[in-house]
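See below for the structure under consideration.
The structure presented is a predicted model; accordingly, all values stated were derived computationally and were not measured. Side chains included, hydrogens not; waters and symmetry mates left out as well; all remaining heavy atoms used.
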Amino acid sequence: MDRERWSQLGFCEQMANIGAEVGRSIQAHRKGNEKRRDMALMRAYDLFDATQAQLAFARSPRLFEVQIAQSEFRKLFDEDAFDENARSLERYFNQFAIAAANEKRS
C-alpha cells in the first residue's frame, strides 16, 4: 500500500475506503467465501493501521474513533450476533462514504 498517497486523502475518504473493505469482508463471510473474506480483512486492517498511524502522528482526537471502529470490526467475526453487528458497521461506514462523496462535489 502506498502510505504517502493514502495520507493525501481526507479522513472521510479514508474511512469510506476502509468501509469498502469492511463491506467486502462482510459480504464474503455471508456467502461463505473464506478466501475473499480473509483477503478483505487483511486489506481493511492495513488501511486501519495506515489511518491510525497518520492520526497518531497528527495527534488527532479522531484516533480514538478509528481504534473503536477497528475493535468493533475485529469482534464482528467472533460474535454470535454477526448480522446485527454487521449491519451496524455497514451503516457507520456508509456515513463516511456519503460525506466523502459530498466533499468531492463541493
Please report the closest heavy-atom contact between [X] and [Y], naming both atoms and the distance.
| X | Y | result |
| --- | --- | --- |
| F93 | A69 | CZ-CB, 4.2 Å |
| W6 | Q14 | O-NE2, 2.9 Å |
| R37 | S25 | CG-O, 3.5 Å |
| A16 | A97 | CB-CA, 3.6 Å |

Legend entry - Student check: side-chain heavy atoms of I26 and R30 closer than 4.5 Å: yes

Inset, instruction - Show your reasoning for whether side chain to side chain contact (heavy atoms under 4.5 Å, CB included) applies to K104 and E13. - result: CA-CA 9 Å; K104 281 188 174 184; E13 197 169 358; 3.5 Å; yes

Inset, instruction - Salt-bridge test for R87 and E90: reply yes if a basic N is under 4.0 Å from a carboxylate O, no otherwise. - result: no

Inset, instruction - Give a yes or no on whether a salt bridge exists between D49 and R3, defined as a side-chain N under 4.0 angstrom from a carboxylate O. - result: no

Inset, instruction - Give the ring-plane orientation class for F73 versus F48, where under 30° counts as parallel, over 60° as perpendicular and anything between as tilted. - result: tilted

Legend entry - Geometric class of the F82/H29 ring pair [parallel <30°, tilted 30-60°, perpendicular >60°]: tilted

For the atom pair [atom1] ([X]) and [atom2] ([Y]), what is the distance rounded to the nearest 0.5 Å?
| X | Y | atom1 | atom2 | value |
| --- | --- | --- | --- | --- |
| N94 | L89 | CG | CG | 10.5 Å |
| Q54 | R62 | CD | CZ | 12.0 Å |
| Y45 | Q52 | OH | CD | 11.5 Å |
| R43 | I18 | CZ | CD1 | 13.5 Å |

Does [X] share a hydrophobic cluster with [Y], counting links as ILVMFWY side-chain heavy atoms below 4.5 Å and allowing steps through other members?
| X | Y | answer |
| --- | --- | --- |
| L76 | M39 | no |
| L47 | F77 | yes |
| Y92 | V66 | yes |

Inset, instruction - Could I get the full list of side-chain contact (heavy atoms from CB on, under 4.5 Å) partners for S88, not counting sequence neighbours? - result: R91

Legend entry - Qualifying residue, where the test is side-chain hydrogen bond (donor to acceptor under 3.5 Å, both in side chains) with E72 and the options are K75, R74, Q70: K75

Inset, instruction - Could you tell me whether R36 atom CZ has more than 12 heavy atoms of other residues or ligands within 6.0 Å of it? - result: no

